[in-house]
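Report on the structure given below.
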Amino acid sequence: MRLFKPNPAVADLQLLAVDIETTGLKPGRDKILSIGWVPVNGDVIDLSGAGYFVISDTADVSSSVSIHGLTDDALAAGVPLSEALPVFQEALGERVMLAHYASIERDFLRHALGRSFKPDIVDTFALERRHMERMGTYPRGEDLRLPRIRARYELPNYRSHNALTDALACAELYLCLIKKYSLGSLSNLQP
């Protein structure tokens, strides 16, 4: 049960920008390597509530290390997913989950936490795609990748594929989008 009104104003939303890095794109076959999050309270990013875990449960990352930079040694120094997930769940609480191309985070977290994991979600990928389509611009390939969208809105360029940095990048993009397009309530943020 959610604690907020059915269609809260954006200024009243409590979100948690979330990003995960994985060994691939298929939950169940591929593994979570790291998870990062940053709270967004209305229109303020709260770095004091940010969290980041490298996950030690993955046996071998040799095929994906070039993407996320997490080596076997870095993972060995991490924590088991079973220790990271309760901390993440506490941080999420009753917040709306915010992610860029949220199906990856949703599906991996649902696989890890169970089918009952069904948070309300705001997806910056979907917000930007809808905006582009309304403007008569139909995005292709790279047009909707987080760094490309951020560049269009003149946001700083960050190195991609670090879960905490990508969560922050998503949070910043979200704030830019809600201000630029006057997205006033939760219903305007969801498909």
Side-chain angles (χ1 to χ4, degrees), residues 1-42 45-59 61 64 68 70 75 78-130 144 146 161-171 173-174 177-178 183 185-191:
M1 180 166 73
R2 294 288 174 211
L3 298 177
F4 51 76
K5 297 182 255 181
N7 189 25
V10 167
D12 296 330
L13 280 178
Q14 302 290 298
L15 299 103
L16 190 70
V18 178
D19 188 77
I20 61 173
E21 295 301 317
T22 65
T23 58
L25 299 175
K26 296 197 187 268
R29 182 190 76 190
D30 297 313
K31 303 289 185 199
I32 295 175
L33 298 173
S34 64
I35 182 169
W37 61 84
V38 177
V40 180
N41 303 318
I45 295 172
D46 177 11
L47 292 178
S48 71
Y52 176 71
F53 286 98
V54 173
I55 308 302
S56 62
D57 300 344
T58 305
V61 294
S64 59
H68 47 69
L70 292 170
L75 294 172
V79 302
L81 187 60
S82 62
E83 287 182 27
L85 288 176
V87 180
F88 162 74
Q89 286 181 286
E90 184 177 334
L92 182 61
E94 294 295 322
R95 290 175 177 272
V96 173
M97 191 168 89
L98 172 65
H100 189 78
Y101 199 73
S103 63
I104 292 175
E105 281 73 19
R106 181 198 62 221
D107 293 351
F108 272 90
L109 290 168
R110 188 174 290 162
H111 183 266
L113 294 167
R115 292 303 226 189
S116 63
F117 179 74
K118 295 181 180 179
D120 288 317
I121 297 174
V122 172
D123 187 344
T124 54
F125 176 97
L127 289 174
E128 181 65 4
R129 184 186 67 225
R130 265 197 326 232
L144 290 172
L146 184 57
H161 301 295
N162 172 285
L164 182 56
T165 303
D166 286 350
L168 176 60
C170 177
L173 176 60
Y174 164 78
L177 293 173
I178 64 169
L183 301 171
S185 64
L186 181 60
S187 64
N188 295 331
L189 302 174
Q190 297 177 315

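In this text, all values refer to a predicted model and were calculated from it rather than measured experimentally.
Contact annotation: the side chain of I32 approaches that of I55 to within less than 4.5 Å [non-hydrogen atoms, C-beta and beyond]. The shortest side-chain heavy-atom distance between L92 and P119 falls under the 4.5 Å cut-off. Inter-residue side-chain proximity for L109 and M97 is flagged as met; some heavy-atom pair is nearer than 4.5 Å. Looking at L47 and L168, their side chains come closer than 4.5 Å, going by heavy atoms from C-beta outward. In this structure the side chain of E128 reaches within 4.5 angstrom of the side chain of L177, judged on heavy atoms. Using a 4.5 Å heavy-atom threshold, the side chains of F117 and L85 count as separate.
Heavy-atom minimum distance, S82 versus D57: N-OD2, 4.4 Å. Taking all atoms of both residues into account, the shortest heavy-atom contact from L146 to A169 is CD2-CB, 3.9 Å. Of all non-hydrogen atoms in Y52 and A163, the two that sit nearest each other are CE1-CB, 3.9 Å. Smallest separation of non-hydrogen atoms from V38 and A50: CG2-CB, 4.2 Å. Here the closest heavy-atom approach between residue A171 and residue A17 is recorded as CB-CB, 3.9 Å.
T124 is linked by a side-chain hydrogen bond (donor to acceptor under 3.5 Å, both in side chains) to H100, counting only residues two or more places apart in sequence or in another chain. With sequence neighbours left out, the ring pair (Phe, Tyr, Trp, His ring centres under 6.0 Å) criterion links F88 to W37. Residues satisfying the side-chain hydrogen bond (donor to acceptor under 3.5 Å, both in side chains) test with S48, not counting sequence neighbours, are D46.
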Worked check of side-chain contact (heavy atoms from CB on, under 4.5 Å) between V54 and V79: CA-CA 6 Å; V54 173; V79 302; over 6 Å; no

Residue pair L98, V18: steps toward the side-chain contact (heavy atoms from CB on, under 4.5 Å) verdict: CA-CA 6 Å; L98 172 65; V18 178; over 6 Å; no

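Atom CZ in R95 sits 10.5 Å away from atom CG in L13 (nearest 0.5 Å). In this structure, CG in D123 is found 7.5 Å from SG in C170, a value given to the nearest 0.5 Å. A distance of 11.0 Å separates CZ of R106 from CD1 of I20, quoted to the nearest 0.5 Å. Between the OG atom of S56 and the CG atom of L81 there is a distance of 9.0 Å, given to the nearest 0.5 Å. To the nearest 0.5 Å, the span separating CZ on R110 from OG on S103 amounts to 10.5 Å. The CD atom of E105 lies 9.0 Å from the CD1 atom of I121; values are rounded to the nearest 0.5 Å.
For the pair E21 (side chain) and I35 (backbone), a donor-acceptor distance under 3.5 Å is absent. Although no hydrogens or angles enter the test, the distance criterion places no donor-acceptor pair under 3.5 Å between the side chain of D30 and the main chain of T22. A donor-acceptor pair is defined here as one N or O able to donate and one able to accept, closer than 3.5 Å; no such pair exists between the side chain of N41 and the backbone of Q14. Of the possible polar contacts, none joining the D166 side chain to the D19 backbone as a donor-acceptor pair under 3.5 Å is found. Between the side chain of D120 and the backbone N or O of V96 there is no donor-acceptor pair closer than 3.5 Å.
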